Amino acid sequence: KKRIVITRGMLELGDQSDEQHEKIGEEIAYSCDELVIITPDFVDAFKKGISAKYHINVQCIFDQEKLLEYIKTLKTQDCVILLENLIPSLVKKEITES
């Protein structure tokens with residue numbers, strides 16, 4: 001199955017944020033096929049942590065409607081999705097009503 005992480009990152013990390021998001025990006029790259037970042041706050045730190053030796057697709061989808069359309073495309077795919085942290089309510093509604 002395709003493994004996908006959808007996240008906005010973690011705001012509560014304070015001054016350790018960049019370092020921790022780099023580490024998280026590294027772990028995601030090691031264990032997943034795709035990372036979808038839904039806010040611009042930690043894009044650079046996530047990408048810095050993703051090693052070139054892992055072939056992971058990184059998408060930045062900041063618009064909620066576009067994210068919803070992307071989620072809808074996943075319904076026909078054999079995949080596992082981790083929704084990490086706060087996810088827009090219209091996306092949550094689409095997933096829970098399916």
Side-chain angles (χ1 to χ4, degrees):
K1 293 186 182 218
K2 183 177 180 179
R3 297 162 299 186
I4 303 167
V5 173
I6 300 175
T7 186
R8 63 183 227 146
M10 294 176 282
L11 299 171
E12 61 275 5
L13 295 175
D15 60 353
Q16 299 248 333
S17 184
D18 284 345
E19 178 184 341
Q20 293 304 314
H21 281 94
E22 284 179 39
K23 289 179 182 179
I24 293 165
E26 190 176 326
E27 291 298 321
I28 290 171
Y30 176 73
S31 59
C32 294
D33 303 301
E34 187 168 330
L35 169 62
V36 180
I37 306 167
I38 63 171
T39 62
D41 303 319
F42 309 110
V43 171
D44 292 337
F46 273 127
K47 286 183 175 182
K48 190 173 179 183
I50 294 172
S51 171
K53 70 180 176 179
Y54 301 113
H55 301 287
I56 180 173
N57 183 37
V58 177
Q59 291 194 65
C60 297
I61 306 175
F62 304 142
D63 180 85
Q64 290 185 15
E65 292 293 330
K66 289 180 181 176
L67 179 61
L68 179 60
E69 290 305 312
Y70 171 73
I71 294 288
K72 288 179 179 180
T73 69
L74 297 176
K75 288 183 171 185
T76 60
Q77 298 182 33
D78 190 17
C79 60
V80 175
I81 304 167
L82 171 64
L83 300 170
E84 193 282 319
N85 213 312
L86 297 174
I87 300 298
S89 58
L90 66 116
V91 172
K92 187 182 280 186
K93 181 178 178 184
E94 176 68 26
I95 292 170
T96 57
E97 290 182 357
S98 300

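Note that the structure is a prediction, hence the values are computed from the model and not measured.
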Fill in: D78 side chain vs K1 backbone, donor-acceptor pair below 3.5 Å
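Not confirmed, D78 side chain does not pair with K1 backbone.
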Atom pair [atom1]/[atom2] of [X] and [Y] - distance to nearest 0.5 Å:
| X | Y | atom1 | atom2 | value |
| --- | --- | --- | --- | --- |
| L35 | I28 | CG | CD1 | 5.0 Å |
| K75 | I81 | NZ | CD1 | 10.0 Å |
| E94 | I71 | CD | CD1 | 8.5 Å |
| E22 | K47 | CD | NZ | 14.0 Å |
| E12 | S17 | CD | OG | 9.0 Å |

Under 4.5 Å between side-chain heavy atoms, counting indirect links through other Ile/Leu/Val/Met/Phe/Trp/Tyr residues: same cluster for [X] and [Y] or not?
| X | Y | result |
| --- | --- | --- |
| I4 | V91 | yes |
| L82 | I50 | yes |
| I61 | L83 | yes |
| I24 | V58 | yes |
| I87 | L11 | no |

Worksheet item: Which heavy atom of C32 sits nearest a heavy atom of V5, and at what distance?
Response: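 Here C32 and V5 meet closest at SG-CG2, 3.4 Å.
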Worksheet item: Which pair of non-hydrogen atoms, one from I38 and one from P88, has the smallest distance, and what is that distance?
Response: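 Distance-wise, the nearest heavy atoms are CD1-CD, 3.8 Å.
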Worksheet item: Any side-chain heavy-atom pair from L13 and F42 closer than 4.5 angstrom?
Response: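 Contact flag for L13/F42 side chains = no.
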Worksheet entry | Electrostatic pair K72-E69, nearest N-O below 4.0 angstrom |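 Yes, this pair counts.
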Fill in: Residues K23 and E19 bridged, charged N to O under 4.0 Å
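Here K23 pairs with E19 in a salt bridge, since their nearest N and O are under 4.0 Å apart.
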Worksheet entry | Enclosure of D44 CG (heavy-atom neighbours >12, cutoff 6.0 Å) |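 No - once you tally the heavy atoms of other residues, nucleotides and ligands closer than 6.0 Å, there are 12 at most.
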Item to complete: Take atom OH of Y30 as the centre, draw a 6.0 Å sphere, and report whether it contains more than 12 heavy atoms from other residues, nucleotides or ligands.
Response: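 12 or below, so no.
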Worksheet item: Listed by chain and number, what are the side chain to side chain contact (heavy atoms under 4.5 Å, CB included) partners of T73, not counting sequence neighbours?
Response: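 Listed in chain order: Y70, Q77.
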Item to complete: Describe, in one word, how the ring planes of H21 and F46 are oriented to each other, choosing from parallel (under 30°), tilted (30 to 60°) and perpendicular (over 60°).
Response: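 H21 vs F46 ring planes: perpendicular.
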Practice prompt. For L67 and L90, run side-chain contact (heavy atoms from CB on, under 4.5 Å): C-alpha distance rounded to whole Å, both residues' side-chain angles, the deciding distance at 0.1 Å, then the answer.
Written response: CA-CA 9 Å; L67 179 61; L90 66 116; over 6 Å; no
